[in-house]
Amino acid sequence: MSEGLRRIRKQTGNFLEDFRPGQVFRHKGGKTLTEGLFATFTEFAMTANPLAKNARYARAHGFDGLVCPPGLVMLVAFSQTVEDVSENARANLEYLDMRFGAPLYLGDTVEVETKVLGVRGSARQSNLGIVHVQSTARKNLGERDEAVVLTWQRKVQVYRRDERAPLREGEVAPDPVECALWLPPYDPGRGYAALAHLSSPDSWFEDFAPGTLIEHSRGRTMTDEHIHLTAVLDNTSQVHCNQHMIDLDPERYVGGKLIVFGGIPFVLCLGLSSPDVGDNALGDVAYRTGRHTAPLFAGDTVFASTEILGCAGYPGRPDLGLIETRLVGHKFEREAGARQADAPPGWKRTRIFELERSLAVKRRSHYAG
Amino acid sequence: MSEGLRRIRKQTGNFLEDFRPGQVFRHKGGKTLTEGLFATFTEFAMTANPLAKNARYARAHGFDGLVCPPGLVMLVAFSQTVEDVSENARANLEYLDMRFGAPLYLGDTVEVETKVLGVRGSARQSNLGIVHVQSTARKNLGERDEAVVLTWQRKVQVYRRDERAPLREGEVAPDPVECALWLPPYDPGRGYAALAHLSSPDSWFEDFAPGTLIEHSRGRTMTDEHIHLTAVLDNTSQVHCNQHMIDLDPERYVGGKLIVFGGIPFVLCLGLSSPDVGDNALGDVAYRTGRHTAPLFAGDTVFASTEILGCAGYPGRPDLGLIETRLVGHKFEREAGARQADAPPGWKRTRIFELERSLAVKRRSHYAG
Amino acid sequence: MSEGLRRIRKQTGNFLEDFRPGQVFRHKGGKTLTEGLFATFTEFAMTANPLAKNARYARAHGFDGLVCPPGLVMLVAFSQTVEDVSENARANLEYLDMRFGAPLYLGDTVEVETKVLGVRGSARQSNLGIVHVQSTARKNLGERDEAVVLTWQRKVQVYRRDERAPLREGEVAPDPVECALWLPPYDPGRGYAALAHLSSPDSWFEDFAPGTLIEHSRGRTMTDEHIHLTAVLDNTSQVHCNQHMIDLDPERYVGGKLIVFGGIPFVLCLGLSSPDVGDNALGDVAYRTGRHTAPLFAGDTVFASTEILGCAGYPGRPDLGLIETRLVGHKFEREAGARQADAPPGWKRTRIFELERSLAVKRRSHYAG
């Protein structure tokens with residue numbers, strides 16, 4: 001490299017001392033949902049809801065075409081916030097009050113804004129603190145079908161760049177954001193029953209009862225494809241894709257290897273649960289809270305289970321019911337001598353993810369009668 | 001996990017005792033062919049026919065646009081049947097009478113039905129038996145261009161859930177299914193010759209002669225990308241994607257590792273043969289019979305060869321010929337001291353796949369004259 | 001395999017003795033840009049220019065829709081030439097005079113022609129020589145929007161099939177090819193400023209000064225996904241995808257392993273530089289010269305830096321400036337005892353790629369005012 005050059009190394013992302021309560025980020029980029037992105041993520045996660053796979057079925061239900069499944073809506077929207085909010089994070093601590101709005105279709109363009117709700121330094125670890133944010137994703141700004149597609153809060157554990165820099169600690173109230181799941185109207189003339197064989201015969205609203213735990217039978221092994229998948233989402237966090245950085249200081253990073261972006265097990269768990277819980281849903285309504293409880297690495301196999309917490313009528317929609325669930329993801333790790341009730345001998349079961357999830361589920365009486 | 005929950009572990013797929021002759025499955029899901037799926041599979045398999053790559057070329061030949069190559073038609077249609085027919089299979093034994101119909105275009109939606117033709121327990125292995133099925137894939141049901149795109153039979157070796165459960169053995173006749181390759185009419189006014197440089201100069205009908213064996217020169221190494229590819233196809237069979245299941249009982253599974261879904265070497269062999277045999281075809285007509293003769297694993301490199309079995313005029317189409325071929329796939333495995341005529345010293349050649357394949361191939365006289 | 005068959009092993013690609021100055025190849029295939037291909041390559045490379053990600057933004061700038069980023073234009077066009085020009089190459093020595101023309105949109109079909117400009121045997125290595133070619137990629141031939149999208153020269157080191165075969169050495173002049181970057185007209189009524197938050201705040205023309213070296217902060221680890229990516233591009237060179245061929249003669253091939261196709265680090269470097277240098281560009285104008293200086297393998301992490309060589313007004317466009325840069329890619333390799341100024345202790349920094357690159361960059365005064 002030539003002599004005498006002025007060297008610049010641009011900072012990417014923000015550190016703890018860069019945030020202040022009330023601050024607003026209008027995130028860069030934006031993302032148009034192409035058929036390439038759609039195929040990559042809908043299908044890799046084993047999503048089983050025909051709304052996301054079969055355009056004939058989706059149109060017959062009153063949607064404009066294939067409907068982006070909730071996991072991909074979340075991935076696209078969330079990833080837009082990574083550079084500003086969590087590129088320099090140690091961990092994503094919690095998802096809160098994630099609510100779905102308008103359906104996302106192929107060709108729609110998503111843009112996202114984030115408001116900082118809280119900043120707090122850690123008492124025990126001087127190089128860390130917690131940032132609390134509220135983000136909202138809108139589609140097709142300035143067009144006739146502009147709409148909110150997702151809004152959520154999250155808490156992130158963020159590094160300080162300089163441990164002595166002053167913090168702007170505090171909290172502000174979240175903005176009220178109108179965001180409720182759009183549902184196509186029920187129309188008995190549509191002939192839904194002729195499509196009922198395309199989804200599971202036992203995942204209608206009538207099939208669920210509180211106090212049930214459904215162990216989803218499939219597992220899915222994750223490979224180092226996660227590096228590519230994460231890049232495709234515009235998630236720029238280096239702990240997912242920069243092995244050299246890990247090699248330079250392996251002890252700083254969990255396990256000394258690249259960590260799979262949390263959005264990947266998030267959508268894998270949704271996908272694994274899909275044939276049992278989600279394929280007769282018209283949509284996911286909200287995720288009240290969620291968190292990653294252990295990291296996922298290439299080579300791990302992801303499993304999931306769903307606990308049914310509650311079943312209720314869907315306000316104003318006799319054709320639908322609302323089910324409240326807890327979706328849990330887990331993996332198995334070898335451990336000599338381990339004997340756990342819910343794991344094979346020699347293995348321990350590690351919970352990696354949990355999500356309080358409510359869905360708007362079709363009633364058999366109205367859709368398969 | 002909370003106490004006192006009722007645990008449910010849903011069965012996925014059927015076991016030998018669940019099948020009965022004459023039974024019909026209308027498979028779940030359905031699949032709209034997106035540009036994402038198209039790119040993933042058309043191109044990864046090194047397909048060389050410009051009908052699947054160059055929309056200008058496809059339209060000039062009388063198609064509506066890019067034509068889904070036969071390997072992808074097969075993958076999409078076949079995968080829809082996996083959950084019901086072969087999720088609990090030990091092996092796919094044989095493909096029979098696979099015939100192509102209407103072209104599959106981007107945006108088309110495929111749905112598939114399967115009839116059980118035969119069920120038979122194994123005399124030697126009490127936990128296994130054979131299921132014989134006939135499947136038919138249709139596109140765009142209920143729309144103006146509804147059509148059969150593929151019909152086929154296959155025989156699958158399926159596990160019993162309970163070795164003492166009674167079997168419903170027997171056989172029924174296949175349904176007659178009208179399915180013949182749709183071909184765009186020949187129109188000399190289209191100026192085909194101006195496009196002739198876009199395909200191989202030596203793969204016209206006039207270039208083939210029975211008694212020839214073409215060793216396709218390229219090889220393609222398979223990686224653990226097969227896990228992703230299989231999921232993207234909605235193939236839910238766990239032997240392709242659940243490493244933990246294999247780890248728990250490695251001796252039960254061939255090689256103690258994930259097996260690559262047979263559809264992957266199937267389309268790779270079609271792709272490897274494509275520049276020599278398939279890039280001047282208007283379509284694959286039928287696969288009379290085919291089978292996988294050895295498993296493929298991540299790390300293996302796939303090669304292919306084509307034997308020309310026969311050449312004949314195409315009924316009613318002076319511009320085309322029909323070639324009958326045997327497509328064979330193979331890989332090489334290290335073996336100390338091995339000395340085979342058709343393998344390098346120290347390696348043995350293992351046949352992994354064979355397919356009796358007929359193609360409708362353009363004549364140079366009519367398309368490059 | 002049956003006895004008595006006539007065996008054919010078709011040659012693919014050309015060897016040194018097959019080329020002659022003045023020879024023209026009209027390459028096979030052609031390629032329609034699908035949304036699948038677009039997503040795979042735009043996003044995996046971490047491209048940050050919203051023109052390639054956000055259709056609303058692209059249309060507001062006067063483009064028809066999402067604009068194919070320069071790296072993908074190059075990959076698609078270049079790959080079409082591989083079978084004829086470099087399938088039997090040892091190395092791609094140099095890119096020369098690569099110039100961009102019309103924008104490439106989703107649905108466009110690219111076809112490519114190449115003229116041989118020079119052939120020369122190596123004095124030192126009797127099995128090698130250099131072929132110098134000029135290639136031009138056009139889109140939508142015969143349609144209203146037919147246009148040149150890219151033209152370039154390159155020099156390739158090619159193997160001889162037979163060391164005693166006569167060479168047709170010599171040189172001919174390149175064809176004049178009209179190819180200049182198409183730019184949408186500047187229209188202050190479009191309200192560009194309302195979109196300015198979607199790109200970096202410090203990558204406007206006014207932000208650059210000659211004599212600056214920008215170390216791009218991110219890295220990206222390459223995996224064996226490169227095999228798939230290369231196939232998806234129709235690049236048929238076996239050194240990228242045929243591990244068995246390498247295993248048979250590991251000493252012949254650099255490192256004894258599959259080499260990543262040079263187009264991959266090319267676009268990765270463009271992508272890594274994108275948030276600092278490219279996301280406020282209306283397009284890349286030209287790559288005067290470029291070369292790969294070391295191979296990339298699966299497992300390596302790619303980094304990049306950009307040196308600003310010059311800044312000037314863009315002729316006829318007061319809203320734009322022209323920046324001349326040198327884009328350099330590098331990786332780090334472990335080396336016991338290494339102490340380099342620009343590498344961590346125990347690592348050496350290996351330059352893998354360099355490219356003289358000029359971009360048409362928007363002025364803050366006109367687009368964010």
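Here the structure is a predicted model, which means the values were calculated and not measured. Just so you know, these numbers use all the heavy atoms, side chains as well, and skip hydrogens, waters and symmetry mates. Sequence lines set the chain letters: A, B, ... in the order given, protein chains first and strands last, and positions in each chain run from 1.
Remark: A:Leu272 CG to B:Thr236 OG1 distance equals 11.5 Å, nearest 0.5 Å. Atoms CD and CZ, from A:Glu307 and B:Arg7 in turn, are 9.5 Å apart once rounded to the nearest 0.5 Å. With rounding to the nearest 0.5 Å, the separation of OG1 in A:Thr40 from NE2 in B:His228 is 5.5 Å.
Residues satisfying the salt bridge (Lys or Arg N to Asp or Glu O under 4.0 Å) criterion with B:Arg56, sequence neighbours excluded, are C:Glu111.
Side-chain contact between B:Asp247 and A:Trp347 is present, with at least one heavy-atom pair separated by less than 4.5 Å. Side-chain contact between B:Gln238 and A:Arg218 is present, with heavy atoms from C-beta onward closer than 4.5 Å. Inter-residue side-chain proximity for A:Tyr57 and B:Thr32 is flagged as unmet; no heavy-atom pair is nearer than 4.5 Å. Proximity of B:Ile227 to A:Arg220: side-chain heavy atoms (C-beta onward) are separated by under 4.5 Å at one or more points. Proximity of A:Thr221 to B:Asp224: side-chain heavy atoms (C-beta onward) are nowhere separated by under 4.5 Å.
Among all heavy-atom pairs drawn from A:Asn54 and B:Gly30, the shortest one is ND2-CA, 3.6 Å. Between B:Asp234 and A:Lys53, the closest heavy-atom pair is OD1-NZ, 2.8 Å. When every heavy atom of B:Cys241 is checked against every heavy atom of A:Gly219, the shortest pair comes out as SG-O, 3.5 Å. Between A:Pro50 and B:Gly29, the shortest heavy-atom distance links the atoms CB-O, 3.9 Å.
Counted within 6.0 Å of CZ on B:Arg90, heavy atoms from surrounding residues, nucleotides or ligands total 12 or fewer; the atom is thus considered open. Within a 6.0 Å radius of CZ in A:Arg288, other residues, nucleotides and ligands contribute 12 heavy atoms or fewer. Around atom CZ of B:Arg6, no more than 12 heavy atoms belonging to other residues, nucleotides or ligands sit under 6.0 Å away. Counting heavy-atom neighbours within 6.0 Å of B:Arg161 CZ, excluding the residue itself, gives a total above 12.
Ranking B:Arg9, B:Arg26, B:Glu87, B:Glu35 against chain A, the residue ahead of the rest is B:Arg26, based on heavy-atom pairs under 4.5 Å. Among A:Leu51, A:Ile214, A:Asp279, the residue making the largest number of heavy-atom pairs under 4.5 Å with chain B is A:Ile214.
Distance alone, capped at 3.5 Å, places no donor-acceptor pair between the A:Ser217 side chain and the B:Thr12 backbone.
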Report task. Begin with the C-alpha distance, continue with both residues' side-chain angles, and end with the deciding distance and a verdict on side chain to side chain contact (heavy atoms under 4.5 Å, CB included) for B:Thr34 and A:Leu66. Result -> CA-CA 10 Å; B:Thr34 65; A:Leu66 289 178; 4.1 Å; yes
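Contacts between residues 193-207 of chain A and chain B, counted as heavy-atom pairs separated by less than 4.5 Å, involve A:Ala194, A:His197, A:Leu198, A:Ser199, A:Ser200, A:Asp202.
Contact of B:His27 with chain A is made through the backbone alone, with heavy-atom distances under 4.5 Å. With a 4.5 angstrom heavy-atom cutoff, A:Ala48 does not touch chain B via any of its atoms.
Residue pairs meeting the salt bridge (Lys or Arg N to Asp or Glu O under 4.0 Å) criterion with at least one partner in residues 249-259 of chain B, sequence neighbours excluded, do not occur; the list is empty.
Relative ring orientation between B:His244 and A:Phe332 is described as parallel, the plane-to-plane angle staying below 30° on a 0-90° scale split at 30° and 60°.
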Side-chain donor-acceptor distances from residues 137-144 of chain B under 3.5 Å, at least two apart:
from     : atom 1 : to       : atom 2 : distance (Å)
B:Lys139 : NZ     : B:Pro103 : O      : 2.6
B:Lys139 : NZ     : B:Asp108 : OD2    : 2.8
B:Asn140 : OD1    : B:Thr109 : N      : 2.8
B:Asn140 : ND2    : B:Asp108 : OD1    : 2.9
B:Asn140 : ND2    : B:Asp145 : OD1    : 3.3
B:Asn140 : ND2    : B:Asp145 : OD2    : 3.0
B:Glu143 : OE2    : A:Arg59  : NH2    : 3.3

